[in-house]
Amino acid sequence: MIYDVKKYGSEVLRQKAEEVKEITPEICEILDNMVETMYSTKGVGLAAPQVGISLRMFVCDKGDGVVHKVINPQITFLTDDLKEYEEGCLSVPGIYKKVKRPSLIMVEYQNELGENITTELDDLLAIIMQHEYDHLDGVLFTDKISPMAKRLVSKKLKALKKETLKNDE
Ligand code: CO
């Protein structure tokens, strides 16, 4: 099943998501649907709040066909070394801007089998996981762009929000 992706202006995108208490068949089904939704929209990552489900989980695939289903993640290490990537977001269509983030991180999470995973990530996967992790705390990449970039996209964001609020009525 392909979900509707919530767009900029939706309240759920600004909420702090809740821990997944138990990895039930329903949770696994939601994750499968999220993967299907991510591929159908050609995204590299999708967090549960983006489909209106305020739980701490996300899926991602940096483009090599390896799907990561990430439940209750914790970032336990961030390097001081920052790297800049141009980011976009399925919830913020049409806007692509550079964001500086740590280039290497350590993440702990549970997979869909309930196994505890500890992994060190760099490059694109580190960036994607930080972007998706932010969604679980109600943070969007546009919060992290430079003040100048913010000024440049402020009109577009306002228009997006207006559109979203109109569709939600
Ligand atoms: Co996003």
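Note that ligands are numbered from 1 as they come in the structure, with each ligand's atoms numbered from 1 the same way.
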Tally of protein N, O or S atoms, where distance to the Co ion (ligand 1) is under 2.8 Å
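Under the 2.8 Å cut-off, the count stands at 3.
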Looking at Glu26, I'd like to know if its CD atom is crowded, meaning that more than 12 non-hydrogen atoms belonging to other residues, nucleotides or ligands lie closer than 6.0 Å.
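Check fails, neighbour count at 12 or below.
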Has the side chain of [X] got a donor or acceptor atom that lies under 3.5 Å from a matching backbone atom of [Y]?
X      : Y      : answer
Glu29  : Pro25  : no
Ser146 : Ala149 : yes
Asn33  : Met1   : yes

Should the pair Arg101-Glu87 be classified as a salt bridge under the 4.0 Å nitrogen-to-oxygen rule?
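So Arg101 pairs with Glu87 through a salt bridge.
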Identify the two heavy atoms, one from Pro49 and one from Met57, that lie closest to each other, and give their separation to 0.1 Å.
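For Pro49 and Met57, the tightest heavy-atom pair comes out as CD-O, 4.5 Å.
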